[in-house]
Every structure is written in C-alpha cells, then in structure tokens.
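Naming convention: chains lettered A, B, ... in sequence-line order (proteins, then strands); numbering from 1 in each chain.
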2 protein chains.
Amino acid sequence: MSTTRDGSSRTASPSTTRDLRSFDESLPMALMRAREAVMRRFRPILAEHELTEQQWRVLRALDDVDDSITVGELAERTFLLGPSLSRMLVTLEERGLIARAADRGDARRSKTEITPTGRRLVATIAPRSEIVYDEISAQLGHHDLEQLYDLLRRTAAVTDQP
Amino acid sequence: MSTTRDGSSRTASPSTTRDLRSFDESLPMALMRAREAVMRRFRPILAEHELTEQQWRVLRALDDVDDSITVGELAERTFLLGPSLSRMLVTLEERGLIARAADRGDARRSKTEITPTGRRLVATIAPRSEIVYDEISAQLGHHDLEQLYDLLRRTAAVTDQP
DNA sequence: TATTGTTATACTCTATAACTATA
DNA sequence: TATAGTTATAGAGTATAACAATA
C-alpha cells in the first residue's frame, strides 16, 4: 500500500493541487468493498428465505434483545428510517416473524418483539452466516480480525458527534 | 473488546448452540456503521450539488481514469448493476457531466468518459471530502489508518473468488 | 451462439412532509 | 406544544428477464 497521505502531492499525480485518494482507495469504497465481499456470500441465503438485507437487520436486532423495544430504538440500531421501518414491520408482522403491542404507560409508543417463529428463522440462517464469518476469521486470523473491529469502532466514533 | 470467537460457547450466552456474534458486533454491521459515520458527513455536500451517493461513485470512478471506459467496467468498479448504471448515465449525460461514444472496433461497446464540467464538479466537492478524511486520519493516526485499509483489503479478498 | 448494453417491469428502500394520537 | 409512530408521496436503486445489435 503505502499511499502518500501526508498533505504533499502524490507521486503519480498530474495535478498540482492536493488530490483525493484515488477512487479505488477511498475509505468509503474500501468499506463498501469489504462489506460487499461479505454480503455477496450471504445475500443468496437471505433470498432463499425471502428476506431482504434490511429485513434481516431488523430480525437480528430484535433477536438480540430479550425484551421488546420501541420503533425509534429499532430504527437507530438498524440504520433504517422510521417510515421505511414502519412498513417493514407490517410485512414482518404479517409473516408472523415479529409481534407488536402498545406500550403500557405511553400509548404513543409501540413495542416490537421477535416471535418464536422469527427466532427459529434466525437460528436457521445463523449457521450459514457463521461459515462466511469463519472464512474471514481464518483468512485474517483472530488477532487481526479483532483489530479490524477495533479500527472500525474508532472510525465510527469519529463522526458520532455531528 | 475481546469477544470469544474461538468456537467455544460464549460466556454471556444463554444458548447451548454456537451463537452469532451479537448484531451490534457483526462484521457487516461494523462495516456499515463505519461507512455511515463517514458518509453522514459527506451526503449533505453531495445533496448541495444534487448528486446521489451512486452518481458520485460514477463520477469519481470516471475522474480516476484518464481514458474512457466501457459500461461493464464502470459497473464493476462502482458496484452498480448494468440497468441501474445505464439509466444513471442518461441522467449524467443530460447534465453534461459525462459523455459517451460508440467504441471504434466493437460497436456493441459504448465508451464513457467524464467531461471537463464533470471534472470541475469533482474538483469542487473534493476538498470537502478531504476534511472528513482528515478528521478520521487525525483520530486514528496515519499508521492505524493504513492498517485499516490493509485489513479491509484482506477482508474483501476473502470472498473475491466465489 | 455468446456478448454488450439498453429497456421493461416489479419491488424495495430513501427521504421529506403531513397527519394522528397521545403526552 | 412536543413527541412517537404512521401514512402519503415522489424518487432512486435493485434485481431479473427480455431484447437489439454486434461479434
């Protein structure tokens, strides 16, 4: 690698002004490429179960919490907008994968939880997800993988406070 | 961090079977969160210039190559599907940001290039992109940032050959 | 017969605003 | 008056198939 990023002009650059890191090497693209590589293996598995990537995010997020959570909380965790999520929850409820109930105490809030059927679906898909994970773990090694997580966490933290 | 990922059951896990890494900690989500953090700062800049994230990817990819490239090549580099790209190119051409011409030699191929207007737009936006980049660079430090790139590259390589 | 790119079609998600009902 | 969630609406991207032109 060893790309010059110290503010000086880059070696192969025809421009005198400071360049963007080349497209292929830009951080957003590097992140997207890594994610694509992971998801490319995983999307067919989801498709078999007629789940979109976003619906899977919702199920996984709900599978993680033991209790039910509000729509707002769920939107934050899944990076989905309220309106998108709202309609997705209708679909997932119709499929019996999630259940909703009004919050006792604050009737504006609607609490969502995953159903046993939903948990079974997650449990069915989970092992296939592990295979992809293991490939990456084997490739990078445990130490480097943890380091990747750490670097990603620190990157995400940079712009957490807008 | 130090999550147990060696195949043994996890400490806080109620399940006897092998768990998924928790949703928040899953690799795709970690990658998405990092990317979101970067793009959250950048999207408003693109919106000012009425560009979507995908249109920006196309312009950046074309700005990178000195020559014109085929639609297929462009699709690969930008992670866009042919039909999506095809329609986007019409829009970008109408805006005078790109130009297309039939390939001499193989009339099936259509070669695309960025126009001077397109390059000016990229040059206008680029410095704002650098600010975001510098924040991350400052936070992680040069060494760790390069390491992040290296780890992302190795992650992407894992599933390159399906 | 295979390849390159475009069109057609249906669906999903994004994004913003407006609305309902609570608080 | 502010908040939580839904509905409305417009637009963009995804995905697959079908198609035209060319190799």
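Looking at the side chain of B:Arg108, the nearest of the listed nucleotides D:dA17, C:dT16, D:dA21 is D:dA21. Comparing C:dA15, D:dG13, C:dG5 by their nearest atom to the side chain of B:Ser84 picks out D:dG13.
A salt bridge between B:Arg35 and B:Glu53 is present, with a side-chain N of the basic residue lying under 4.0 Å from a carboxylate O of the acidic one. With salt bridges taken as basic N to acidic carboxylate O contacts below 4.0 Å, one links A:Asp144 and B:Arg154. Looking at A:Glu73 and A:Lys111, no side-chain N of the basic residue comes within less than 4.0 Å of a carboxylate O on the acidic one, giving no salt bridge. A salt bridge links B:Glu48 and B:Arg128; the closest N-O separation between the charged side-chain nitrogens and carboxylate oxygens is under 4.0 Å. Salt bridge annotation for B:Glu113-B:Arg119: absent, with no cationic side-chain nitrogen under 4.0 angstrom from a carboxylate oxygen.
In terms of position on DNA chain C, the residue among A:Asp106 and A:Leu81 whose nearest nucleotide sits closer to the 5' end is A:Leu81. Between A:Glu73 and B:Phe79, the one whose closest nucleotide on DNA chain D sits nearer the 5' end is A:Glu73. Remark on DNA chain D: of its neighbouring residues A:Arg43 and A:Arg87, the 5'-side contact belongs to A:Arg87, judged by nearest-heavy-atom nucleotide.
Across all strands, B:Leu80 comes closer than 4.0 Å only to sugar-phosphate atoms, never to a base (heavy-atom distances). If you check every strand for non-hydrogen atoms under 4.0 Å, A:Arg57 touches nothing.
A:Ser110 has no side-chain polar atom (N or O) that falls below the 4.0 Å cut-off from OP1 or OP2 of D:dA4. Residue B:Arg100 places at least one side-chain N or O under 4.0 Å from the OP1 or OP2 atom of C:dT6. Between A:Ser86 and the phosphate of D:dT7, there is no side-chain N or O to OP1/OP2 separation shorter than 4.0 Å.
The nearest whole Å value for the distance from the CZ atom in B:Arg104 to the P atom in D:dA23 is 14 Å. A straight line from CG of B:Asp103 to C1' of C:dG5 spans 12 Å, rounded to a whole angstrom. Per the geometry, CD belonging to A:Glu50 stands 12 Å off P belonging to C:dC11, to the nearest Å. Atom P of nucleotide C:dT14 and atom CE of B:Met39 are separated by 14 Å, given to the nearest angstrom. Atoms CG (A:Leu51) and C1' (D:dT14) sit 16 Å apart, rounded to a whole Å. Residue B:Leu92 contributes atom CG, which lies 13 Å from atom P of C:dT6 at whole-angstrom precision. Taking atom CG of residue A:Leu74 and atom P of nucleotide D:dT6, one finds them 11 Å apart after rounding to whole Å. The nearest whole Å value for the distance from the CD atom in A:Glu53 to the C1' atom in D:dA15 is 13 Å.
Taking 3.5 Å as the limit, the base of C:dT4 and the side chain of B:Arg109 contain no donor-acceptor pair of atoms between them.
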